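From a predicted model like this one, the values you see are computed outputs, not experimental measurements. Note on naming: letters A, B, ... go to the chains in the order of the sequence lines (proteins, then strands), and numbering restarts at 1 for each one. Below, all heavy atoms of this structure are taken into account, side chains as well, without hydrogens, waters or symmetry copies.
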Amino acid sequence: MPDIDPANKSMEEIVALCKRRGFVYPASEIYGGINGFWDYGPLGTALKNNIRDHWWKQTVECPPIGPDGEPVSIVGLDSSIIQNPKVWEASGHVGGFNDPMTMYKECKKLLRADHVWYVFYGNPDEIGKYGEDLTGQGVDVRSFFSDVFALEQLPPDERQRIINEDANLKQALGNTESLPFLIKKAVLAGSKEEAFEAAEFSSKQRKAIEKHGAKPLTTYPLMVPDRAWDDGGSLCPNCESRDSLTEPRQFNLMFESYAGAIQSAENKVYLRPETAQGIFLNYKNVVDTMRVKMPFGIAQVGKSFRNEVTPRNFIFRSREFEQMEMEWFCAPDDSPKWYDFWKHERMRWWESLGVSKSNLRFRDHDEDELAHYSKMCVDIEYKYPFTAPGYGELEGVAHRGCYDLTQHQTHSKQKMEYFDQERQVKGQKAGLSKDEINAQSKYIPNVIEPASGLTRGVLVLLTEAYTPDESRASKVYMKFKPKFAPIKAGVFPLVNKDGMPEVAQKLYMGLREKFACQLDAKQSIGKRYARMDEAGTPYCFTIDGETLTGGTVTVRDRDSQSQERINIDKVEAFLDEKMGE
RNA sequence: GCGGGUGUAGCUCAGUGGUAGAGCGUCACGUUGCCAACGUGAAUGUCGUCGGUUCAAAUCCGAUCACCCGCUCCA
């Protein structure tokens with residue numbers, strides 16, 4: 001029984017085999033490579049295409065049966081990588097996710113600046129020198145903090161009254177994502193405990209603050225995310241050194257380019273960081289032209305681009321990668337049912353690729369790590385050699401609510417509402433009022449998004465297939481499920497004479513019309529088997545003396561290395577059957 | 001971004017200042033009777049790149065790039 005635990009597989013050896021056998025090459029290698037990019041060789045391309053085709057077939061052409069016993073309906077799409085830049089403003093990718101990073105000079109710990117809280121010691125005049133638009137909402141920081149500190153002196157009831165009357169404060173408090181909201185809520189609360197409650201700090205944030213709180217602070221420490229000042233009273237949660245933060249650096253996570261020959265701010269465009277937005281952009285087109293009705297899905301496979309801070313771990317995190325995403329549109333009140341359905345459906349799908357159950361798991365996201373768009377999210381994780389005994393993300397199934405369509409409705413001024421006629425009819429039959437019927441049948445759909453990394457899928461199948469075996473000549477073989485193997489069969493004359501090559505040639509010519517296969521008469525039979533083991537070819541057909549007299553060939557099984565004889569006329573049917581399994 | 005490590009033939013690696021090496025693989029020819037058999041022969045390198053020191057650099061120094069490990073990030 002081969003060892004299937006990725007913890008015992010060496011990433012380095014997998015990378016070496018990938019190069020040696022033409023699965024994955026370093027990109028632009030002859031120029032010294034380029035950080036974060038990889039090229040897929042002939043076998044890697046075949047493997048990737050096999051996974052992609054299977055996903056497309058199982059998602060678009062032959063989708064599963066839904067939880068109600070009805071077949072689900074999903075259509076395909078191939079949207080442009082470059083879209084109107086407003087798309088990324090609406091989606092929140094511009095602005096919201098250019099995470100600034102900051103580092104403690106003392107201990108070299110790197111942090112996301114918005115995960116750092118800065119502690120002020122309470123003198124509004126001091127703070128005044130940072131007078132700038134801290135809030136991003138046109139609120140001058142000097143007067144803002146003066147206001148806040150003035151408020152702090154007042155009894156809670158009085159504070160609340162003033163906030164209610166102050167349009168500026170109200171506005172700041174209106175946006176729950178905004179910085180002033182957190183600050184003000186924290187400051188205006190009556191105690192530290194209350195501040196935590198009021199500011200709705202997550203457990204993680206709380207912990208960081210608690211650590212600061214161990215130091216002598218004023219009664220109401222101000223936790224200001226998103227900004228660093230060299231003299232701003234910061235305290236490293238790691239080494240507890242004071243005031244040693246560097247200026248936050250802007251990390252631009254989207255690739256930029258210019259549409260048109262002249263580079264200027266007006267024609268700046270972005271390479272998409274996810275395929276999903278292309279689907280949302282065409283949601284209306286699909287509804288209007290494809291006779292789809294709720295619930296339904298739109299699927300897309302394609303390249304995406306992210307300027308990862310640290311591309312690492314082979315093709316696991318590269319800056320150019322490929323996604324297989326499906327956006328499932330449904331009525332809001334049906335969304336938990338579909339979230340649950342797709343969560344389990346996607347896990348089944350990965351298992352159907354031959355990935356061991358023991359190497360896969362679900363991981364539900366904590367509330368405080370959810371993305372801006374997401375209500376619920378679960379990752380399907382795989383135990384990669386470089387994460388083992390831990391796991392790393394392979395696919396995310398996110399409940400995106402109506403976030404994206406609402407955003408696009410707001411930004412584009414195009415109606416994204418769906419009128420659900422089935423619900424209308426149902427309402428009429430139930431004798432509901434017109435208003436009630438409208439309320440139930442008019443809605444912006446909710447979206448469940450199973451988004452998997454195709455290139456991560458390649459990595460998983462490579463890892464999963466990689467099987468060291470000291471007992472065989474190649475010392476290792478790639479145990480792909482036959483359906484996904486880049487080469488399905490080898491055809492070998494046992495020796496290159498006595499009419500065997502001619503028979504092998506004939507068999508090969510027939511098979512190649514249907515299967516990716518290779519004819520090989522060179523060198524010893526053992527070498528040929530060994531080569532096929534490393535390429536992961538599941539079956540090898542060998543023409544020997546008996547073929548010439550009895551019309552049978554041997555089939556050599558990659559995994560067991562055992563042989564059986566079958567009639568040469570049955571080879572195609574044999575492969576057909578094995579590929580279907 | 002930081003710290004550590006590595007970089008020599010397709011792969012694995014030896015080579016600590018004096019002519020660029022081995023094993024495996026690849027290719028050709030011969031052989032072959034089911035698991036990298038054997039014989040003969042062949043191709044393959046700006047020693048990651050750039051610069052410096054030196055009569056002389058794969059080797060010493062500096063910079064840079066890529067990969068690996070750890071930290072960190074990953075919408």
Side-chain angles (χ1 to χ4, degrees), chain A residues 10-13 15-22 25-38 88 91-115 238 246 248-249 251 253-254 273-274 276-277 304 306-314 316-319 321 369-374 377 386 392-393 396 398 400 451 453 471-477 492-498 500 521-534 540-548 553-556 558 561-563 565:
Chain A
S10 148
M11 206 57 222
E12 225 165 305
E13 281 170 26
V15 173
L17 182 139
C18 282
K19 168 91 190 279
R20 190 167 69 242
R21 286 296 161 197
Y25 307 125
S28 2
E29 193 184 11
I30 59 170
Y31 288 100
I34 175 166
N35 194 0
F37 298 88
W38 298 88
W88 309 111
S91 69
H93 288 89
V94 177
F97 298 96
N98 295 353
D99 298 330
M101 310 285 286
T102 183
M103 191 177 47
Y104 287 96
K105 290 169 194 156
E106 302 285 322
C107 63
K108 308 288 183 208
K109 201 173 174 65
L110 186 77
L111 300 160
R112 246 171 73 175
D114 63 337
H115 283 179
N238 187 40
T246 60
R249 272 172 302 239
F251 279 65
L253 295 185
M254 270 201 291
E274 60 175 18
Q277 294 305 325
S304 290
R306 293 179 192 175
N307 252 323
E308 300 288 0
V309 178
T310 315
R312 202 55 86 81
N313 291 326
F314 198 34
F316 178 73
R317 182 176 301 141
S318 48
R319 291 186 166 139
F321 60 104
E369 68 173 314
L370 287 177
H372 61 293
Y373 54 73
S374 166
C377 190
F386 47 82
E393 185 185 351
R400 293 180 81 129
S471 76
R472 62 175 77 194
S474 56
K475 306 291 180 206
V476 63
Y477 64 106
F492 307 149
L494 181 59
V495 288
N496 208 11
K497 61 176 186 183
D498 296 343
M500 293 180 203
K522 296 294 167 73
Q523 298 170 318
S524 71
I525 191 74
K527 279 195 185 189
R528 286 176 268 166
Y529 286 148
R531 273 198 289 264
M532 287 295 128
D533 276 351
E534 279 203 336
C540 294
F541 301 100
T542 300
I543 282 75
D544 59 11
E546 275 186 60
T547 313
L548 306 172
V553 297
T554 62
V555 188
R556 186 260 192 184
R558 175 197 62 202
Q561 302 182 82
S562 65
Q563 292 183 13
R565 294 203 77 90

Fill in the blank from the handout: By ring-ring contact (aromatic ring centres under 6.0 Å, His included), A:F321 pairs with (sequence neighbours left out) none
Handout entry: Per-nucleotide protein contact string for nucleotides 25-41 of chain B, where B marks a base within reach and S marks sugar-phosphate only (heavy atoms under 4.0 Å, - for neither)
Key = SSSS---BBBBBB----
Practice task
Measure the distance from CG on A:L17 to P on B:U12 and round it to the nearest whole Å.
Solution key: 11 Å
Problem - Result of checking A:V495, A:V553, A:T554 against A:I543 for side chain to side chain contact (heavy atoms under 4.5 Å, CB included) - result: A:V553
Handout entry: Atom C1', compared across B:G70 and B:A75: separation rounded to whole Å
Key = 25 Å
Handout entry: Base-pairing assignment for B:U16 (Watson-Crick or G-U wobble, both under 3.5 Å)
Key = none
Fill in the blank from the handout: The residue, A:R306 or A:K19, whose nearest nucleotide of RNA chain B is more 5′ is A:K19
Practice task
Dump the intermediate steps for ring pair (Phe, Tyr, Trp, His ring centres under 6.0 Å) on A:F386 and A:F316, then the final yes or no.
Solution key: CA-CA 10 Å; A:F386 47 82; A:F316 178 73; 5.2 Å; yes
Problem - Euclidean distance for C1', B:U59 against B:C71 (whole angstrom) - result: 33 Å
Practice task
Decide, yes or no, whether a salt bridge links A:R556 with A:D533 under the criterion of side-chain N to carboxylate O below 4.0 Å.
Solution key: yes
Fill in the blank from the handout: NZ of A:K475 to CD of A:E13, rounded to nearest 0.5 Å, is 12.5 Å
Exercise for the section: Using Watson-Crick or G-U wobble geometry with both distances below 3.5 Å, tell me the partner of B:A63, or none. Expected result: B:U49
Fill in the blank from the handout: Checking N1-N3 plus N6-O4 or O6-N4 for Watson-Crick, or N1-O2 and O6-N3 for wobble, each under 3.5 Å, the partner of B:G23 is B:C11
Practice task
For nucleotides B:G51 and B:U46, find the distance between their C1' atoms and express it as a whole number of Å.
Solution key: 15 Å
Handout entry: Pair A:K19 + A:E29, salt bridge at N-O below 4.0 Å
Key = yes
Practice task
Please work out which of the three classes, parallel, tilted or perpendicular, describes the rings of A:W88 and A:H93, given edges at 30° and 60°.
Solution key: perpendicular
Fill in the blank from the handout: Taking a pair to mean Watson-Crick or G-U wobble geometry with both distances below 3.5 Å, B:A28 pairs with B:U40
Problem - Between B:U19 and B:A36 - C1' atom distance, rounded Å - result: 34 Å
Handout entry: Watson-Crick or G-U counterpart of B:A58, or none if no pair lies under 3.5 Å
Key = none
Exercise for the section: For B:U64 versus B:G23, give the span between their C1' atoms, rounded off to a whole number of Å. Expected result: 33 Å
Completion exercise
In Watson-Crick or G-U wobble terms, with both distances under 3.5 Å, the base opposite B:G3 is B:C69
Set out, line by line, the N/O atom pairs under 3.5 Å between protein and nucleotides 66-69 of chain B.
{"unit_1": "B:A66", "atom_1": "OP1", "unit_2": "A:N35", "atom_2": "N", "d": "3.4"}
{"unit_1": "B:A66", "atom_1": "O4'", "unit_2": "A:G32", "atom_2": "O", "d": "3.1"}
{"unit_1": "B:C67", "atom_1": "OP1", "unit_2": "A:N35", "atom_2": "OD1", "d": "3.4"}
{"unit_1": "B:C67", "atom_1": "OP1", "unit_2": "A:G36", "atom_2": "N", "d": "3.4"}
{"unit_1": "B:C67", "atom_1": "OP2", "unit_2": "A:N35", "atom_2": "OD1", "d": "2.8"}
{"unit_1": "B:C68", "atom_1": "OP1", "unit_2": "A:F314", "atom_2": "N", "d": "3.1"}
{"unit_1": "B:C69", "atom_1": "OP2", "unit_2": "A:N313", "atom_2": "OD1", "d": "3.3"}

Handout entry: Pairwise C1' distance for B:U44 and B:G21, with rounding to whole Å
Key = 14 Å
Handout entry: Heavy-atom closest pair, residues A:S474 and A:A530
Key = CB-O, 3.8 Å
Problem - Nucleotide paired to B:G33 in any strand shown, Watson-Crick or G-U, under 3.5 Å - result: none
Handout entry: Same-atom distance (C1') from B:G18 to B:C60, integer angstrom
Key = 15 Å
Handout entry: Nearest non-hydrogen partners of A:R565 and A:T547, listed with the distance
Key = NH2-N, 4.0 Å
Exercise for the section: Using the P atom as the reference point in each nucleotide, state the distance between B:U8 and B:U53 in Å, no decimals. Expected result: 27 Å
Exercise for the section: Establish, from distance only, whether the side-chain atoms of A:T542 and A:Y529 form a donor-acceptor pair under 3.5 Å. Expected result: yes
